[in-house]
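Notes follow once the structure below has been shown.
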Amino acid sequence: MAKQNIDWSNIGFGYMKTGERFVSNYKDGKWDDGILTEDATVTISECAGVLQYAQTVFEGLKAYTTSTGKIVVFRPDLNASRLQDSCKRLEMPTYPVDKFIEAIKKVVKANEDFVPPYGTGATLYIRPYIFGTNPVIGVKPADEYQFRVFTTPVGPYFKGGAKPITIKVSDFDRAAPHGTGHIKAGLNYAMSLHAIVTAHEEGFDENMYLDAATRTKVEETGGANFLFITKDGKVVTPKSNSILPSITRRSLVYVAEHYLGLEVEEREVFFDEVKDFAECGLCGTAAVISPVGKIYDHGNEICFPSGMEEMGPVTKKLYDTLTGIQMGTIEAPEGWIVEI
Ligand SMILES: *Cc1c(COP(=O)(O)O)cnc(C)c1O
């Protein structure tokens, strides 16, 4: 299929309407078969559950072209099961894992001409989501839902190399103990908007959220998990019931242990120990790893030895190995790469 005439290396991270999207509706206790449609709009009741009580959960993954020209997605089964976990917590019906993967394949196939070519750094971002559609005014879960998957091409996350960012320790909390921090729900993002706008106004790239109960432990940023590297080359990542289980972070932990022979500690990380780490990075689907050069904490600065010019050496190894696995230049573990 002929590719769209797009300047792939220079598109940003914004919504661009593509050809078709997948839509399935849930009614009378079951999902319908779903269809591909060119209709990019959603028509729902003014009183829909999603609009009144924010009953919506989502996922994010990417389709891209490998070095051998195949169009693939990375570990979509984990997105499918995480979406189910998110649904359960918000009293929403789950969408079957096999049908989820099928829907992803259908949508990517239908928008093949929007999948950026290998080497551009761009990808086709895939956004699956489920939301309550029928009128809800008394507080209760909706009875009807829509599962929708659209795609939009996005540019390379790092143009001209990954420059380390500066983040601040936020005065706001992201997630309560026993709350919803561990699920991928729009509600976690609505309440983070004021915090991120504030951080940007103050000149910071991101927020580091601490645990809401004691404000002594590192949680995550608004949309990425932390990885730290100790001075003796160990990988440390925070463990908490209120952080979102990032698929990128889980994959990097596997890569660290099984490809690079690094020791990994998944444990509570106290903010007090952060100053002693050698490297820091944020992990998520969009960037894989964004290196952090500096953390600002109420007048004190933590500057990592890796500096503000480039990724730390261990972070770089992790980044190169995982992106190599994704792009097909390094052999992937069984089941990680799903061909469209
Ligand atoms: C999506 C998300 C991440 C990153 O998860 P990936 O599966 O790696 O993309 C991290 N934190 C939050 C809060 C998220 O919503």
Side-chain angles (χ1 to χ4, degrees), residues 13 54 56-64 73-87 89-90 97 100-101 104 123-130 149 151-152 154 157 165 167 170 172-177 179-196 199 205-212 217-228 235 237-256 266 269 280-292 315 318-319 321-323 325-326 336-338:
F13 197 94
T56 179
V57 295
F58 68 99
E59 276 301 324
L61 64 164
K62 301 187 293 197
Y64 51 91
V73 292
F74 184 69
R75 311 187 77 179
D77 53 316
L78 297 187
N79 294 99
S81 58
R82 190 170 65 185
L83 186 66
Q84 292 195 327
D85 294 340
S86 298
C87 284
R89 181 62 177 77
L90 295 193
V97 169
F100 176 98
I101 295 170
I104 299 294
T123 57
L124 185 70
Y125 185 75
I126 307 165
R127 172 51 61 88
Y129 56 121
I130 302 181
V149 185
T151 58
T152 186
V154 294
Y157 198 85
I165 58 171
I167 66 177
S170 184
F172 301 100
D173 294 323
R174 191 190 86 89
T180 56
H182 61 301
I183 63 165
K184 212 165 173 75
L187 57 90
N188 289 329
Y189 279 77
M191 54 107 257
S192 76
L193 296 176
H194 179 61
I196 193 64
D205 298 301
E206 265 297 344
N207 281 304
M208 170 186 267
Y209 292 106
L210 301 180
D211 75 295
K217 289 174 273 187
V218 176
E219 293 260 305
E220 61 172 319
T221 68
N225 287 181
F226 278 102
L227 274 189
F228 299 101
V235 178
T237 187
K239 189 184 173 94
S240 156
N241 292 331
S242 46
I243 68 179
L244 195 280
S246 157
I247 294 165
T248 314
R249 187 251 302 159
R250 286 182 271 164
S251 304
L252 286 165
V253 161
Y254 185 92
V255 163
E266 195 172 329
V269 175
C280 172
L282 304 177
C283 35
T285 293
V288 181
I289 308 181
S290 309
V292 175
T315 307
L318 285 165
Y319 177 85
T321 310
L322 185 56
T323 53
I325 288 171
Q326 291 181 330
W336 278 26
I337 307 294
V338 174

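Atoms within each ligand, like the ligands themselves, are counted from 1 in listed order.
- With a heavy-atom cut-off of 4.0 Å, I247 touches ligand 1 through backbone and side chain alike.
- Across the listed options S242, S246, A286, S246 owns the non-hydrogen atom lying nearest to atom 8 (O) of ligand 1.
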_side chain to side chain donor-acceptor pair (under 3.5 Å) between N188 and T180, intermediate numbers included_ = CA-CA 7 Å; N188 289 329; T180 56; 3.0 Å; yes
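- Checked against L252 for a side chain to side chain contact (heavy atoms under 4.5 Å, CB included), the options T237, T315, I289, T321 give a single hit: I289.
- The protein atom (non-hydrogen) at minimum distance from atom 9 (O) of ligand 1 is T285 OG1, 2.6 Å.
- Atoms of ligand 1 lying under 4.0 Å from at least one heavy atom of A224, given by number and element, are 10 (C), 11 (N).
- Residue-ligand proximity: G222 is placed with a non-hydrogen atom under 4.0 Å from ligand 1.
- Atoms of ligand 1 lying under 4.0 Å from at least one heavy atom of Y189, given by number and element, are 2 (C), 12 (C), 13 (C), 14 (C), 15 (O).
- Residues L83 and F100 have side chains in contact (heavy-atom distance under 4.5 Å, counting atoms from C-beta outward).
- Side chain of N225 to main chain of L244: a donor-acceptor pair is present (N/O by atom type, distance under 3.5 Å, no hydrogens or angles).
- In this structure, the side chain of R174 engages the main chain of G181 through a donor-acceptor pair within 3.5 Å.
- Atom 3 (C) of ligand 1 has G223 O, 3.3 Å as its closest protein atom, hydrogens excluded (heavy atom only).
- Within a 6.0 Å radius of CG in N241, other residues, nucleotides and ligands contribute 12 heavy atoms or fewer.
- An N or O contact shorter than 3.5 Å links T248 to ligand 1 by distance.
- Remark: ligand 1 and T221 share no N or O pair separated by less than 3.5 Å (distance only, no angle test).
- For Y64 and F74, the distance between ring centers is not under 6.0 angstrom.
- Looking only at heavy atoms of the protein, atom 2 (C) of ligand 1 is closest to K184 NZ, 2.6 Å.
- Counted by atom type alone, R127 and Y129 present zero donor-acceptor pairs between their side chains at under 3.5 Å.
- With distances taken over non-hydrogen atoms, the option nearest atom 12 (C) of ligand 1 out of E59, E220, K62, R82 is E220.
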